[in-house]
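Report on the following structure.
Reminder, nothing fancy here: chain letters follow the sequence lines and each chain counts from 1. A quick note: this is a predicted structure, and the numbers were derived from the prediction, not measured.
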2 protein chains.
Amino acid sequence: MRLTTKGRYAVTAMLDLAMHVQHGPTSLADISKRQEISLSYLEQLFSKLRQSELVNSVRGPGGGYRLSRAADEIFVAQIIDAVNESIDATNCGGSGNCQKGKVCLTHNLWRDLSDQIHQFLNSISLAALMERHDVRAVCTRQDQDTLSVTLMEADHS
Amino acid sequence: MRLTTKGRYAVTAMLDLAMHVQHGPTSLADISKRQEISLSYLEQLFSKLRQSELVNSVRGPGGGYRLSRAADEIFVAQIIDAVNESIDATNCGGSGNCQKGKVCLTHNLWRDLSDQIHQFLNSISLAALMERHDVRAVCTRQDQDTLSVTLMEADHS
DNA sequence: TTTATACTTGACTGTATTAGTGGGGTATTT
DNA sequence: AAATACCCCACTAATACAGTCAAGTATAAA
């Protein structure tokens with residue numbers, strides 16, 4: 001099992017998308033600035049998120065990505081799954097053939113752990129995250145930070 | 001966060017140790033046979049388990065390892081910790097400086113997840129695992145398998 | 001119709017960690 | 001003394017992450 005920057009980036013980006021629905025489609029460039037994630041890397045992640053039908057894309061100027069369904073119908077576990085971070089903690093991938101076709105000594109422990117984590121992450125929707133005060137505060141801060149950066153860039157040109 | 005073969009091996013080996021206390025110290029060679037873990041790799045893991053004072057070693061013939069305290073005082077989380085598999089799911093290691101010294105958009109989500117996992121793994125002792133029927137069944141199977149292997153080897157010589 | 005925007009795809013690279021190997025030790029019992 | 005088993009260090013192959021680069025295609029606006 002692995003939970004690394006990859007899955008964290010994916011969830012962060014999806015939450016960013018959810019927090020900016022009111023401005024129409026969100027470009028990866030915007031997400032990249034706000035969340036400080038490499039644009040090219042975001043492209044890879046969104047390719048997978050699109051394949052899993054978690055987002056829709058709109059091409060051309062003013063385009064970007066949109067959530068493919070309501071924020072209360074998208075759960076953290078689905079996002080992590082989409083970018084291929086397995087939540088499974090067993091060695092055998094849950095099949096139970098860890099030792100010569102039979103279960104190993106600790107198979108059920110890892111199965112229980114996997115269930116626990118999955119249950120937790122599957123109980124949290126993007127909508128639930130959006131309602132959190134800490135999330136709203138960070139979002140406001142990020143919007144102001146990137147706004148002032150944009151103004152400074154305009155100033156220089 | 002990472003939970004791989006490394007942590008699984010460590011827990012499995014510790015449980016094996018716990019299940020064979022009645023025969024005195026358990027050699028790594030025995031664990032290696034029963035659990036199908038490379039002996040050299042086990043040595044590395046037990047070096048760390050020893051540093052964390054989870055096991056004691058007895059040198060010389062008939063020697064091996066022993067749990068350093070009762071099985072109901074050793075918890076799965078401690079074992080995984082001992083071999084350096086971090087249970088922390090945040091990017092910042094829990095410090096909260098993920099984005100320019102402040103928290104990132106999803107920091108608290110990962111903190112909550114880490115708490116959840118830690119709570120779960122810290123609630124399970126080796127003693128609790130030993131009582132499980134599935135664990136006892138696998139243990140019996142392994143003892144018989146390695147016993148017959150030993151007999152066959154004696155037969156050939 | 002041109003042009004800029006922004007998505008799309010694929011190949012490629014550096015780095016870190018895991019998982020495992022191998023060889024030399026040292027301590028202790030028989 | 002010889003066998004056992006811990007102890008320690010250096011090394012390797014494979015894998016996956018994280019990121020880069022480059023060449024496209026689709027579309028809206030000018």
A/R111 (side chain) donor-acceptor with A/D88 (main chain) under 3.5 angstrom
no
May I ask you to verify if any side-chain N or O of B/S57 is less than 4.0 angstrom from the OP1 or OP2 atom of D/dC6?
no
If you only use heavy atoms from C-beta on, which nucleotide in C/dA27, C/dC7, D/dG19 is closest to the side chain of A/R59?
C/dC7
Is A/Q119 atom CD crowded by more than 12 heavy atoms from other residues, nucleotides or ligands, each under 6.0 Å away?
no
Under 4.0 Å between a Lys/Arg side-chain N and an Asp/Glu carboxylate O for A/D16 and A/K33?
no
Any side-chain N or O of B/T4 less than 4.0 Å from the OP1 or OP2 oxygen of C/dA19?
yes
Could you state the CZ-P distance from A/R66 to C/dA6, rounded to the nearest angstrom?
14 Å
Do the side chains of A/Q78 and A/S52 get nearer than 4.5 Å, heavy atoms only?
no
Please confirm whether the shortest side-chain N or O distance from A/T5 to OP1 or OP2 of D/dA18 is below 4.0 Å.
yes
Distance test, side-chain N/O of B/Y9 to OP1/OP2 of C/dG20, below 4.0 Å:
yes
Quick one: B/Y65 OH to C/dT28 P, roughly how many Å, whole number?
14 Å
Which nucleotide in the set D/dC17, D/dC7, C/dA19 lies at the smallest distance from any side-chain heavy atom of B/R50?
D/dC7
Nearest-nucleotide check on DNA chain C, A/F46 vs B/S38; residue mapping nearer the 5' end is A/F46
As a test of reading the structure: which of C/dT9, C/dA6, D/dA5 is closest to the side chain of B/S27, going by heavy atoms?
D/dA5
Just by distance, do the side chain of B/H118 and the backbone of B/S114 share a donor-acceptor pair under 3.5 Å?
no
Report the residue (B/S47 or A/L39) whose heavy-atom-nearest nucleotide on DNA chain D is the more 5′ of the two.
B/S47
B/L28 CG to D/dC7 C1', in whole Å, measures 10 Å
Atom CD1 of B/I31 and atom P of D/dA5 are separated, to the nearest Å, by 12 Å
Can you tell me the distance, in whole Å, between the NZ atom of B/K6 and the C1' atom of C/dG20?
12 Å
Decide yes or no, distance alone: a donor-acceptor N/O pair under 3.5 angstrom between the base of D/dT20 and the side-chain of A/E43.
no
Separation of D/dT4 atom P from B/D30 atom CG, nearest Å, is 13 Å
Between C/dA6 (P) and A/N56 (CG): distance, integer Å:
18 Å
Can you tell me the distance, in whole Å, between the CG atom of B/L45 and the C1' atom of C/dT21?
14 Å
With the side chain of B/Y41 defined as its heavy atoms from C-beta on, choose the nearest nucleotide among C/dG20, D/dG19, D/dC7.
C/dG20
Assert: residue with more 5' nearest nucleotide on DNA chain C, out of A/P61 and A/Q44, is A/P61
